[in-house]
Colleague: 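Next up is a structure, given as structure tokens.
Each residue takes its place number in the sequence, starting with 1.
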Amino acid sequence: MACVRPIVSLGVVYGALVAGLALAPALSARAQEKAWSQEQVTAIAAELESSVSDVQDSFRKEPLDTFVGDRRSRYALKQDLRLLRILTRNLASDLKEGG
């Protein structure tokens, strides 16, 4: 029997991430934080890239009958994961180059 899992739109997750990043400067002004560390941020971006890659690989390996929804929803999620992987790869690459 297939496992039923709720589907959370990556658009919602991505929107929350962008909102969090937009609010970070305002929040950091209030809180005393460590100075910017290019090495730490680069390491976090590389970890994020790896995690997104793992999620995309897991999604690809899932049997089609475990997906709750129609083919269009599955395709949309597949494309969202592809875009997210590209974005995280570019972020990690830019940070590694010092950007």
Colleague: Name all pairs fulfilling the side-chain hydrogen bond (donor to acceptor under 3.5 Å, both in side chains) condition that reach into residues 82-93, sequence neighbours left out, sorted by first residue then second.
Modeller: S53-R85, Q56-R85, Q79-R82
Colleague: Grab the two heavy atoms, one from L95 and one from Q38, that are nearest each other, plus how far apart they are.
Modeller: O-NE2, 2.9 Å
Colleague: Just jot down the side chain to side chain contact (heavy atoms under 4.5 Å, CB included) partners of S37, sequence neighbours excluded, or say none.
Modeller: E39, Q40
Colleague: Nearest 0.5 Å, what's the CG-NZ distance between L83 and K78?
Modeller: 14.5 Å
Colleague: Out of curiosity, does I86 fall in the hydrophobic cluster containing L81 (side-chain heavy atoms, cut-off under 4.5 Å, transitive links)?
Modeller: no
Colleague: Membership question, hydrophobic clusters at under 4.5 Å side-chain separation (ILVMFWY): are L91 and I44 in the same one?
Modeller: no
Colleague: Any side-chain to backbone donor/acceptor pair from S50 onto A46? Under 3.5 Å, distance only.
Modeller: no
